[in-house]
Amino acid sequence: MSSRHEKEKGVNVQVLLRCRPFSEEELRNNAPQVVTCNEYHREVSVTQNIAGKHIDRVFTFDKVFGPNAQQKDLYEQAVIPIVNEVLEGFNCTIFAYGQTGTGKTYTMEGECKRSKSGPNGELPPEAGVIPRAIKQIFDTLESQNAEYSVKVTFLELYNEEITDLLAPEEISKVALEDKQKKQLPLMEDGKGGVLVRGLEEEIVTSASEIFTLLERGSAKRRTAETLLNKQSRETTPEGEELIKCGKLNLVDLAGSENISRSGAREGRAREAGEINKSLLTLGRVINALVEHLGHIPYRDSKLTRLLRDSLGGRTKTCIIATVSPAVHCLEETLSTLDYAHRAKNIKNKPEVNQKMMKSTLIKDLYGEIERLKAEVYAAREKNGVYIPKERYYQEESERKAMADQIEQMGMTIENHQKQIEELQAKYDYQVQQCFDLGNKLDATQKDLNLTSKLLANTEDNLKQCQFSLKERDFIISEQKKAAREDKLNADNRLTVNSFQTDLSQQLLTLCSSLGASVSRQNEHLQCVENLCNSFLQVHDKASVELKQKVNSSRALYVSHFEAVQNVVRLHKAGSNAALQELSALTSSNSQSIEEFLSAEANEAKKVLDDLQETLISQQGEMAHLARELRQEQSRSEAEKLIADMTSLVSDCMRRQKEMVDAKLDDLSDSATGNKLFLDGYVSTIDGITTDLKRKWQDSFMQTESNFKDNADFSAAKHCRMELLLQKCVNSADTALEQWQRTQESLNDMGNQHASTIGSHVRNMWYNNEQHDAEIESAKVMVEDDIKENSEDLIRWFDGLSKQEKLSVSKILATSRTHSETLENLGSDHSQQDYEPTGTTPVRCEPDIPSKGTIESLRAMPMDALQEEFRENNSYESFHVKEPKPSLIPRAPLSQIN
Ligand SMILES: Nc1ncnc2c1ncn2[C@@H]1O[C@H](COP(=O)(O)OP(=O)(O)OP(=O)(O)O)[C@@H](O)[C@H]1O
């Protein structure tokens, strides 16, 4: 019953989720956990907070295995039922899907893939789905004591190439060499399934045989998807004729991560690209199946062609999705979970493989043997032809049919393409129409809003009109009411009488207060007049005083200004005289300096000439002395001569110094500016003189000592003295030259100084002239201004006083008229008592309606009536009778009729 139901409705692909524990490296790095598994509720939640972005997603699967789940647990809870179904004759597929390193191989093969079952047939705890399934199959078959045969195929799909991992060694070598040429092709089996043509099928009789085969095949594996296929055919115990046939596909897929994120390069990138192609196609197939699209792209990759029957076909499928709990795999984990969650919705329609009669199977097998024999025979007989004719024709016709089919499909695709284009155009047109309609709708909406506003306004107006109509009706009805006439008459009379008595009383009071007020006002007016007169007097006096003060201040100002001008003139004359004096003094100074310097130069020259002469004579005397000495004259004479010479030299120096000092005093008095220079010069002369003196003394001392010591050396000393004298002469010459140079520079300086002072004096004189002219012009301007201003001031005062007089006279006139008016008013009020003249006719009461009667005839005032109406009928509570909506469109506020 249930299997029929399954067959009709389909069975969902079973999806299990397994989350591996943290790896050692992740533990070392303290990687945060983002995946938590709730095995009981079969839920997996992913929680993470990255840069303010909160991820919190929960996925539900058919079974969930957390990091603590053991291989045995997963197998017992999820795989045992599947293997049982295989033994029942179903085709089943188990494949592992997930990111690299999340435990696909661990789940499918386990850590001990090479270990066979132990001596007691026990598997190690780390063994995965494949060894456990193999063991279960053989255990079951053996326990049932039934006849069975188990066939195994083992292939690897790598770079879209299928490799037979069970092919014999020599063939596989050739295959490896000619790998490109001899790939295993995929073929349709005609029943919707796909066959790998030429794939080696090994018949096995025990689990250990399979393990050996798997070990052999695994050695040839490169990577990527491997597909293990076990077919078991089982006959039920002796005597029964039916044969059950089930197939179990065990697939270990490649890592699901995105190629761009895998970091693969070149060859690896191509490999990853191909793997990606298989996985992308797998994803597209899953999507197409979930969304029930018409076209399922199985043919786009070999993986999906191989798994065609497992995805949306007649095979029962279980997907084991594997994830890592660590945060760094978060993106891939979410992608895997999405993928697996979507795959849950794929529906397969599993069918038990047709149970065959044993005899039929034998017949089929005989037929197969015959076919194979014919093939062998044909191969032996005819060189180059490897298949019998019938088979060749059959295949040829199949090929043609397929070519036709391809052509047809191409045409269909073209048609579909055209249809798609047409539909696209229609879709675009519809979108445009939608857009236009949307615009129109918006415009209409706006119009509607406007119209509704106008309608509301009109309704309001209508309500107002109806309200005022009703109000008028009320007023009219009120005015018609005459019943109140009598009462109103009496009331009015009473009011008039009381008003008359009140009026006469108040008139009396008014008269008395008026009299008092008139007398008070007269007093006030008198005061005002007095004040005005006194003000005028004071004002006249003040204006006369002010005029006098203005005139006197003008005169004072003019006299002061003249005094200032005189001072300026005096100052100018003084400064001019001082400047002239300064310039004369400067020129005389420079002249006297020049004269003095030239005189000094002459004198110095004379002194130096004297000195030179003296020195020359001294030289002569020295020569004479030497001669005399040579003639051994007395020592005392020589001493005397030396003393004379010394005194002569010192005399000369003293005289020269005295003269220089005297002239220096003069110079410092006349020009202090030159003092420094002359001081320097004097000090130089001093230095030279003292140097000379010192040198002279030194040489004299030396000569004397030498003379004392040894007379023989006197000649040599004499020569030395001569040399020294020559030096002295030279120094005197140098001093003379220096003196002349100094004189020249002094002259230049004096001239420069005199010219600078002269130009300075001229400038000052010119500035004085200019200041004088400016002061003169300023004086004229100021005088004019003062005159003008004072005249303006006086005029303004005159005008002001005239105006004031006028105002005062006006005030007086006004006060006079006022007092007259008051007097008239007083006299008018004093004539209040009526005295009959006899000329006035006698008063008679005419029969005319009294004021009260007329008042009573008058209706109540409109305002009072309106107020009364509005008190009784509020506008808010007033309801307009709904006018029947007119079907003729009207402009808002236009009048009806
Ligand atoms: N459930 C688990 N318990 C303990 N260790 C596990 C589990 N799952 C995986 N591992 C360990 O994680 C490592 C990677 O696992 P495995 O090689 O099976 O990943 P994979 O998804 O097959 O990777 P690939 O796509 O590269 O083949 C292995 O060392 C394995 O022992």
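Atoms within a ligand are numbered from 1 in the order they appear, just like the ligands themselves. Note that the coordinates shown come from a computational prediction; the quantities given were computed from them, not determined experimentally.
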Aromatic rings Y339 and Y97: how do their planes relate, parallel, tilted or perpendicular, breaks at 30° and 60°?
-> parallel
Please check whether [X] reaches ligand 1 - meaning an N/O of the residue sits under 3.5 Å from an N/O of the ligand, judged on distance alone.
X    : result
T102 : yes
G101 : yes
G103 : yes

Contact between [X] and ligand 1, counting heavy atoms under 4.0 Å?
X    : result
M108 : no
P21  : yes
R18  : yes

Pick out which of D73, L74, N68 makes a side-chain contact (heavy atoms from CB on, under 4.5 Å) with Q70.
-> D73
To the nearest 0.5 angstrom, please state how far the CZ atom of R132 sits from the CD1 atom of I137.
-> 14.5 Å
A student comparing R20, E126, K104 should find that the heavy atom closest to atom 25 (O) of ligand 1 comes from K104
Any chance you could lay out the side-chain hydrogen bond (donor to acceptor under 3.5 Å, both in side chains) test for T36 and S45, step after step, and finish with the verdict?
-> CA-CA 5 Å; T36 40; S45 35; 3.0 Å; yes
Got Y298 and L289 here, is their nearest side-chain heavy-atom distance under 4.5 Å?
-> yes
Test: R284 and D300 ion pair at under 4.0 Å = yes
